Amino acid sequence: MLKPEDCSPLGREILRYLEEHQMSMNSFAKKIGKTQDGVRWMCQKKANPTVSTIEKLAEALDLDSVTLNRIVYRNKLNQLVGKDNLDQMMDIYDGIYAVLRDSIENWPEEERPSESLLFDRAFKAVKSLQLPVAS
């Protein structure tokens, strides 16, 4: 059985949801089209779910996409740069995300990338900066 202290922030959100809804991990896995092992993996601290999985999770967890993406990508940045540099890196990340978000503001709705894809592109931009990584 997973304990919240052994989980990533995403994992804690999943466990919270399961408890609130008295749902088994297996039932939740079926709800999002994953295996129970897949959900267990997503709960771990180093899990990096894909863009499409994040979108499914946001819907399943009753969270808006921006909130869940911030949880996931903050964890990814923590893995990349470590706790000591996380707040500074989040500022850079948030700036890149804001530029991406502003750049699509006038696009037709059907052509706009999803929030999850914008978050992912911002993360890839931060990674490409080749900043010192966590040891």
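The shown structure was predicted, so the numbers you read here are calculated from the model rather than taken from an experiment.
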> Looking only at side-chain N and O atoms, does Ser8 offer a donor or acceptor that is under 3.5 Å from a partner on Gln44?
no
> Looking only at non-hydrogen atoms, find the nearest pair between Leu18 and Ser24 and report the distance.
CD2-O, 3.7 Å
> Between atom CE of Met89 and atom CG of Leu86, what is the distance when rounded to the nearest 0.5 Å?
9.0 Å
> Surrounding CG of Asp62 (heavy atoms of other residues, nucleotides or ligands, distance under 6.0 Å), is the total greater than 12?
yes
> Should the pair Tyr73 and Tyr93 be assigned to parallel (<30°), tilted (30 to 60°) or perpendicular (>60°) ring geometry?
parallel
> Could you tell me whether the side chain of Pro49 reaches within less than 4.5 Å of the side chain of Val72, counting heavy atoms only?
yes
> Should we say atom CD of Glu20 is surrounded by more than 12 heavy atoms from elsewhere, each under 6.0 Å from it?
yes
> Where is the tightest heavy-atom contact between Ser116 and Asn69, given as atom of each residue plus distance?
OG-ND2, 3.0 Å
> Given the rule in the side-chain contact (heavy atoms from CB on, under 4.5 Å) test, do Thr35 and Arg40 qualify, once you have shown the distances and angles that lead to the verdict?
CA-CA 9 Å; Thr35 64; Arg40 188 178 312 283; over 6 Å; no
> Shortest non-hydrogen contact from Arg121 to Pro113?
NH1-CG, 4.0 Å
> For Gln88, does the CD atom have more than 12 heavy-atom neighbours from other residues, nucleotides or ligands under 6.0 Å away?
no
> May I ask you to decide if Met90's main-chain N or O and Arg74's side chain share a donor-acceptor pair within less than 3.5 Å?
no
> Kindly indicate, with the supporting measurements, whether the criterion side-chain contact (heavy atoms from CB on, under 4.5 Å) is fulfilled by Tyr97 and Val66.
CA-CA 11 Å; Tyr97 171 77; Val66 172; 4.1 Å; yes
> Looking only at non-hydrogen atoms, find the nearest pair between Lys76 and Asn48 and report the distance.
CG-OD1, 2.9 Å
> Roughly how far, to the nearest 0.5 Å, is the CD atom of Glu13 from the CG atom of Leu63?
5.5 Å
> Let me see the working for Phe28 and Leu61 under side-chain contact (heavy atoms from CB on, under 4.5 Å), right down to the final yes or no.
CA-CA 9 Å; Phe28 182 76; Leu61 295 169; 3.7 Å; yes
> I need the Ile32 CD1 to Ile54 CD1 distance, nearest 0.5 Å.
11.5 Å
> Flag the pair Arg101 and Glu115 as a salt bridge only when some basic side-chain nitrogen lies within less than 4.0 angstrom of an acidic carboxylate oxygen.
yes
> Given Leu10 and Leu68, is the side-chain contact (heavy atoms from CB on, under 4.5 Å) satisfied, shown in steps?
CA-CA 8 Å; Leu10 172 61; Leu68 189 59; 3.6 Å; yes
> Can you tell me how far OG of Ser52 sits from CG of Asp120, rounded to the nearest 0.5 angstrom?
10.5 Å
> Can a donor-acceptor pair be found, under 3.5 Å and without considering hydrogens, that links the side chain of Tyr17 to the backbone of Met23?
no
> State whether Asp94 and Arg70 are salt-bridged, where the test is any N-O pair (Lys NZ or Arg NE/NH1/NH2 against Asp/Glu carboxylate O) under 4.0 Å.
yes
> So Asn26 and Val39, do their side chains get closer than 4.5 Å, heavy atoms only?
no
> Do Lys3 and Asp6 make a side-chain contact, defined as non-hydrogen atoms from C-beta onward lying under 4.5 Å apart?
yes
> Taking the side chain from Asn75 and the backbone from Lys45, do they hold a donor-acceptor pair closer than 3.5 Å?
yes
> Is the closest side-chain heavy-atom distance between Leu57 and Met42 below 4.5 Å?
yes
> Are the side chain of Asn78 and the backbone N or O of Lys83 linked by a donor-acceptor pair below 3.5 Å?
yes
> Check for me, please, whether Ile92 and Val99 land in the same ILVMFWY cluster - side-chain distances under 4.5 Å, paths through other members count.
no
> In Å and rounded to the nearest 0.5 Å, what is the OG to CZ distance from Ser65 to Phe119?
7.0 Å
> Could you tell me the separation between the CE atom of Met25 and the CG atom of Leu15, rounded to the nearest 0.5 Å?
5.5 Å
> Using a strict 4.0 Å threshold on nitrogen-to-oxygen distance, state whether Glu109 and Arg112 make a salt bridge.
yes
